[in-house]
Amino acid sequence: MHIQFAELPVFDQDRAIAFYVDKLGCEVASDAPMGADGWRWVEVRFPGARTSLHFLRRPDDKPSPEPVLVLVDADVVGTIERLRASGVEIITEPSEAPWQPGRIVAEFRDSEGNRMVIGSH
């Protein structure tokens, strides 16, 4: 058993695709018409991952107050610097997680206002 997809709220599908592909290195796994209103079935995934992120229609463009996803990366500091250099909003700088000594975590916002955590292994 595995998780097929996790839902990620987005306001603008094209802007979200660009963010996840260009800034985070995801691949578009699916992009197909879904209804008469122009909304599409869009899934992106990290290379080699089995689980996709499905873009769920977000009711508004208000930033999320709490994190919606936790990503894991071997180089949190380098990834945060790369995201900052490409104009991504960094919420918290890389630092040791108070709940897990030795783990480095940071937070940023995606193009849709979703608050994301990125942490080391």
Side-chain angles (χ1 to χ4, degrees):
M1 185 179 311
H2 71 276
I3 296 171
Q4 181 177 347
F5 62 82
E7 293 184 327
L8 182 66
V10 305
F11 192 70
D12 182 316
Q13 289 180 303
D14 291 322
R15 181 176 63 199
I17 288 170
F19 180 89
Y20 281 87
V21 170
D22 297 342
K23 309 268 191 228
L24 295 179
C26 289
E27 305 164 338
V28 176
S30 179
D31 187 349
M34 194 170 86
D37 65 357
W39 194 256
R40 307 180 321 264
W41 182 272
V42 176
E43 291 180 40
V44 298
R45 75 171 57 108
F46 290 95
R50 291 179 75 180
T51 303
S52 296
L53 297 174
H54 168 244
F55 291 167
L56 177 69
R57 187 188 310 255
R58 189 181 189 130
D60 58 43
D61 60 356
K62 293 179 186 173
S64 65
E66 299 298 324
V68 298
L69 283 179
V70 177
L71 305 173
V72 177
D73 188 43
D75 182 13
V76 173
V77 173
T79 298
I80 288 295
E81 287 310 312
R82 184 176 49 78
L83 291 172
R84 182 190 330 274
S86 66
V88 173
E89 177 188 356
I90 306 304
I91 298 171
T92 62
E93 296 296 328
S95 62
E96 187 172 79
W99 64 90
Q100 191 174 3
R103 186 172 192 195
I104 303 300
V105 296
E107 293 180 300
F108 66 92
R109 283 205 194 278
D110 72 3
S111 63
E112 306 309 292
N114 293 308
R115 189 174 183 149
M116 313 294 262
V117 174
I118 185 168
S120 60
H121 297 280

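Reckoned from all heavy atoms, side chains included, excluding hydrogens, waters and symmetry mates.
- Smallest separation of non-hydrogen atoms from Gly102 and Ser120: O-OG, 4.2 Å.
- Put simply, CD1 on Ile118 and CG on Leu69 are 11.5 Å apart, with the number rounded to the nearest 0.5 Å.
- The ring-ring contact (aromatic ring centres under 6.0 Å, His included) check on Trp41 picks up Phe5, His54, with sequence neighbours excluded.
- Separating the NE2 atom in His121 from the CZ atom in Arg103 is a distance of 9.5 Å, to the nearest 0.5 Å.
- Checked by atom type and distance alone, the side chain of Ser30 never pairs as donor or acceptor with a backbone atom of Glu43 at under 3.5 Å.
- When hydrophobic clusters are built by joining Ile, Leu, Val, Met, Phe, Trp and Tyr residues whose side-chain heavy atoms come closer than 4.5 Å, directly or via intermediates, Leu8 is grouped together with Val28.
- If you take CG on Asn114 and CD on Glu66, they are separated by 12.5 Å, rounding to the nearest 0.5 Å.
- Comment: Asp110 does not engage Arg15 in a salt bridge, judged by the lack of any side-chain N to carboxylate O separation of less than 4.0 angstrom.
- Under the 4.5 Å side-chain heavy-atom criterion for Ile, Leu, Val, Met, Phe, Trp and Tyr, Phe108 and Val44 are members of the same hydrophobic cluster.
- In this structure a side-chain-to-backbone donor-acceptor pair under 3.5 Å is missing from Arg45 to Thr51.
- Under the 4.5 Å side-chain contact rule for hydrophobic residues, Ile17 and Leu56 do not share a cluster.
- With values rounded to the nearest 0.5 angstrom, Ile90 atom CD1 is found 5.5 Å from Leu83 atom CG.
- Here the closest heavy-atom approach between residue Pro9 and residue Glu112 is recorded as O-CB, 4.1 Å.
- Side chain of Gln4 to main chain of Ser52: no donor-acceptor pair is present (N/O by atom type, distance under 3.5 Å, no hydrogens or angles).
- Residues Val77 and Met116 are members of separate hydrophobic clusters, defined by side-chain heavy-atom contacts under 4.5 angstrom among Ile, Leu, Val, Met, Phe, Trp and Tyr.
- Atoms OG1 and CD1, from Thr79 and Ile104 in turn, are 13.0 Å apart once rounded to the nearest 0.5 Å.
- Residues Val76 and Val105 approach most closely at CG1-C, 4.4 Å, considering heavy atoms.
- Listed by first and then second residue, the salt bridge (Lys or Arg N to Asp or Glu O under 4.0 Å) pairs involving residues 46-59 are Asp37-Arg57 (not counting sequence neighbours).
- Scanning for ring-ring contact (aromatic ring centres under 6.0 Å, His included) contacts around Phe11 gives an empty result, with sequence neighbours left out.
- Closest approach of Ala16 and Val10 over heavy atoms only: CB-CG1, 3.8 Å.
- For the atom pair OG (Ser86) and CD (Glu81), the distance works out to 11.0 Å, reported to the nearest 0.5 Å.
- Under the 4.5 Å side-chain contact rule for hydrophobic residues, Val68 and Val72 do not share a cluster.
- Listed here is the closest heavy atom pair of Leu24 and Phe46: O-CE2, 3.6 Å.
- Heavy-atom minimum distance, Arg82 versus Lys23: NH1-O, 2.8 Å.
- Panel note: side chain Arg40, backbone Phe55; no donor-acceptor pair is recorded below 3.5 Å.
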